[in-house]
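Report on the structure given below.
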Amino acid sequence: MFGEPSRKAVQKIHFLLLPGFSLFGLTSMLDPLRHANRTQGEALYEWQLISENGGLISSSDSIEIMTHTDLRAVEKCETLIICSGSDPDVVSTPAVLGFIRQQSHFGADIGCQDTGAYIAAAAGILDGYRATMHWENLETTQEAFPKVTLVQELLVIDRKRFSCPGALSGLDMMLYLIKSQYGQALATRVADELVYTHQREHSEPQRRSLQIRLDSRNPNLIDAVNVMEQNIEEPLLITELAECLGISDRELERLFKRHLSQTPKAFYRQLRLEKARWMLQQTNDSVTAVATACGFVSLSHFTRSYQKQFSKLPSRER
């Protein structure tokens with residue numbers, strides 16, 4: 001897909017939309033193609049929206065859009081992009097997986113957007129390939145499909161497979177497509193039309209740096225949170241954390257209160273509870289297993305802490 005375009009025909013891209021797909025993620029891919037056609041004054045790209053059964057399909061925003069056709073009406077794709085949001089395991093139906101395998105057999109270039117890599121992996125077409133996906137789902141998908149090499153990048157192209165983690169990364173991906181096929185000048189004009197002033201590199205991280213997330217450049221604070229994130233299952237004592245940083249307990253307390261308006265102990269507990277919430281929403285692990293994985297020594301302590309933080313029982317996150 002990212003090589004020289006065919007000069008004989010318009011390049012056609014099929015977007016396979018699965019229930020709960022990201023509407024923002026889809027439009028971030030479609031608009032650059034539309035603007036490329038408009039700017040060039042001719043049809044360079046055309047696209048077709050397909051779904052398992054055709055008709056209306058609901059996005060993660062609960063907005064329904066009309067697809068052009070269903071899987072049965074599509075014979076052969078030149079390029080297929082799988083668009084999926086939350087719960088990719090639920091929408092990975094036999095018909096969807098069979099269609100993806102069929103298109104792989106036909107030699108299609110197959111892309112994955114957001115959690116699409118999970119579905120492509122479930123279809124067995126990513127074994128031995130590098131891929132990327134949304135950072136929230138990457139860890140559990142890697143565990144489920146160890147033959148796939150998942151990395152936390154904005155765009156991965158590996159032979160006839162390509163992937164991006166969703167949202168705005170789809171725009172970066174399509175600008176790179178336009179650049180690789182029609183040159184930097186057209187890609188720049190399209191970016192200008194979209195008021196997009198900074199196209200990101202493929203290897204840039206999906207999440208903002210701790211410095212930006214914490215709104216602080218204090219190296220001790222950044223190092224402290226880094227250590228916390230690396231020690232979720234077996235939390236360190238605040239004394240041990242201070243020793244790792246080479247500062248006193250009192251200095252660590254002052255640091256967190258000055259920059260984050262809370263104690264390091266409270267911040268650490270919040271970090272662990274947020275990880276627990278993500279696990280409850282994204283995995284099938286039991287509440288007890290999640291509590292243990294997030295460093296809580298008893299289920300009752302975890303349940304009380306969770307309810308206080310999120311105003312609901314852990315079991316209600318399922």
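Since this is a predicted model, take the numbers as computed values, not measurements.
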Does Ala185 have any side chain to side chain contact (heavy atoms under 4.5 Å, CB included) partners at least two apart in sequence or in another chain, and if so, which? none
To the nearest 0.5 Å, tell me how far Phe256 CZ sits from Gln262 CD. 8.0 Å
Heavy-atom side-chain proximity of Val96 to Leu16 below 4.5 angstrom: yes
Does Leu150 offer a backbone N or O that forms a donor-acceptor pair with the side chain of Gln142 under 3.5 Å? yes
Determine, step by step, whether Leu313 and Tyr306 satisfy the side chain to side chain contact (heavy atoms under 4.5 Å, CB included) criterion, reporting the C-alpha distance in whole Å, the side-chain angles of both residues, the deciding distance to 0.1 Å, and the verdict. CA-CA 7 Å; Leu313 292 171; Tyr306 195 95; over 6 Å; no
Tell me whether the NZ or CZ atom of Arg277 lies within the 45° cone about the ring axis of Phe310 and under 6.0 Å from its centre. yes
Going by heavy atoms in the side chains, are Ser305 and Leu273 under 4.5 Å from each other? yes
Distance alone, cut at 3.5 Å: any donor-acceptor contact between the side chains of Ser60 and Ser22? no
So do Phe21 and Ile65 actually touch side chain to side chain, heavy atoms under 4.5 Å? yes
Atom OH of Tyr129 and atom CZ of Arg161: how far apart are they, to the nearest 0.5 Å? 4.5 Å
Distance-only, no hydrogens or angles: does the Asp87 side chain make a donor-acceptor pair with backbone N or O of Asp89 under 3.5 Å? no
Give the minimum heavy-atom separation between Ile57 and Ser51, together with the two atoms involved. CD1-CB, 4.0 Å
Indicate, with yes or no, if Trp278 and Val225 share a hydrophobic cluster defined by side-chain heavy-atom contacts under 4.5 Å among Ile, Leu, Val, Met, Phe, Trp and Tyr. no
SG on Cys244 to CE on Met228, rounded to 0.5 Å: 11.0 Å
When rounded to the nearest 0.5 angstrom, what is the spacing between CD1 in Ile119 and CE in Met133? 8.5 Å
Cluster overlap Leu245 with Leu260, hydrophobic side-chain contacts below 4.5 Å: yes
dist Ile13:CD1 -> Leu30:CG (nearest 0.5 Å) comes out at 9.0 Å
Is any side-chain heavy atom of Lys12 closer than 4.5 Å to a side-chain heavy atom of His14? yes
Decide whether Leu255 and Phe267 are clustered together by the hydrophobic rule: side chain heavy atoms of Ile, Leu, Val, Met, Phe, Trp, Tyr closer than 4.5 Å, transitively. yes
Check whether any side-chain N or O of Thr292 sits under 3.5 Å from a backbone N or O of Thr288 as a donor-acceptor pair, and report yes or no. yes
Can Val290 and Phe302 be said to form a side chain to side chain contact (heavy atoms under 4.5 Å, CB included), step by step? CA-CA 9 Å; Val290 169; Phe302 171 65; 4.2 Å; yes
Please tell me whether Ile63 and Phe24 are part of a single hydrophobic cluster in this structure, the criterion being side-chain heavy atoms less than 4.5 Å apart. yes
With side chains defined as the heavy atoms from C-beta onward, is the minimum distance between Val91 and Ser84 less than 4.5 Å? yes
To the closest 0.5 Å, what do you measure between OG (Ser286) and CG (Leu280)? 9.5 Å
Given side chain to side chain contact (heavy atoms under 4.5 Å, CB included), test Leu194 with His35 step by step and report yes or no. CA-CA 8 Å; Leu194 295 166; His35 278 284; 3.4 Å; yes
Identify the two heavy atoms, one from Asp70 and one from Asn53, that lie closest to each other, and give their separation to 0.1 Å. CB-C, 3.4 Å
Would you indicate whether the side-chain heavy atoms of Thr140 and Tyr118 approach each other to under 4.5 Å? no
Ala123 backbone acceptor or donor facing Arg101 side chain under 3.5 Å: yes
Will you find, in the side chains of Thr239 and Asp249, an N or O donor that is under 3.5 Å from an N or O acceptor? yes
Between Gln103 and Cys77 (side chain of the first, backbone of the second, donor and acceptor by atom type, cut-off under 3.5 Å), is there such a pair? yes
Test side chain to side chain contact (heavy atoms under 4.5 Å, CB included) applied to Leu237 - qualifying residues, sequence neighbours left out: Glu240
Do we see a donor-acceptor contact under 3.5 Å between the side chains of Asp172 and Tyr196? yes
Closer than 4.0 angstrom, basic N to acidic O: yes or no for Arg34 and Asp31? yes
Lys275 vs Glu229 side-chain heavy atoms within contact, under 4.5 Å: no
Checking side chain to side chain contact (heavy atoms under 4.5 Å, CB included) between Phe162 and each of Thr132, Thr79, Ile110, which is the one that passes? Thr79
Under a 4.0 Å N-O cut-off, is there an ion pair linking Glu253 with Lys265? no
Would a distance-only check, ignoring hydrogens and angles, find a side-chain to backbone donor-acceptor pair under 3.5 Å from Ser59 to Gly20? no
Verify the neighbour count for atom CD of Glu75: are there more than 12 heavy atoms of other residues, nucleotides or ligands below 6.0 Å? no
Is Lys160 paired with Asp109 through a side-chain N to carboxylate O contact shorter than 4.0 Å? yes
Would you indicate whether the side-chain heavy atoms of Ile50 and Thr67 approach each other to under 4.5 Å? no
Strictly by modelled atom types, are Tyr45 and Gln181 linked by a side-chain donor-acceptor pair under 3.5 Å? yes
When every non-hydrogen atom of Thr303 is compared with those of Pro314, the smallest separation belongs to CG2-CD, 3.9 Å
Can you check whether Cys294's main-chain N or O pairs, donor with acceptor, with Arg272's side chain at less than 3.5 Å? yes
Looking at Cys112 and Leu126, what are the two nearest heavy atoms and their distance? SG-CD1, 4.5 Å
Full working for side chain to side chain contact (heavy atoms under 4.5 Å, CB included) between Met174 and Leu33: CA-CA 7 Å; Met174 290 311 185; Leu33 303 180; 4.1 Å; yes
Is the backbone N or O of Arg130 less than 3.5 Å from a side-chain atom of Asp158, with the two atoms forming a donor-acceptor pair by type? yes
Where the side chain of Ser248 meets the backbone of Glu251, is there a donor-acceptor pair that is under 3.5 Å apart? yes
Minimal non-hydrogen separation, Glu52 against Ala95, with atom names: OE2-CB, 3.4 Å
Transitively linked via ILVMFWY side-chain contacts under 4.5 Å: Ile81 with Leu171? yes
Under a 3.5 Å distance rule, please check whether His68 uses its side chain to pair with a backbone N or O of Leu49 as donor and acceptor. yes
Decide whether Arg269 and Thr263 meet the rule of one side-chain donor and one side-chain acceptor closer than 3.5 Å. no
Kindly give the heavy-atom pair with the smallest separation between Gly128 and Arg159, and that separation in Å. O-NH2, 3.0 Å
I need the full list of salt bridge (Lys or Arg N to Asp or Glu O under 4.0 Å) pairs touching residues 294-304, with sequence neighbours left out, sorted by first then second residue. none
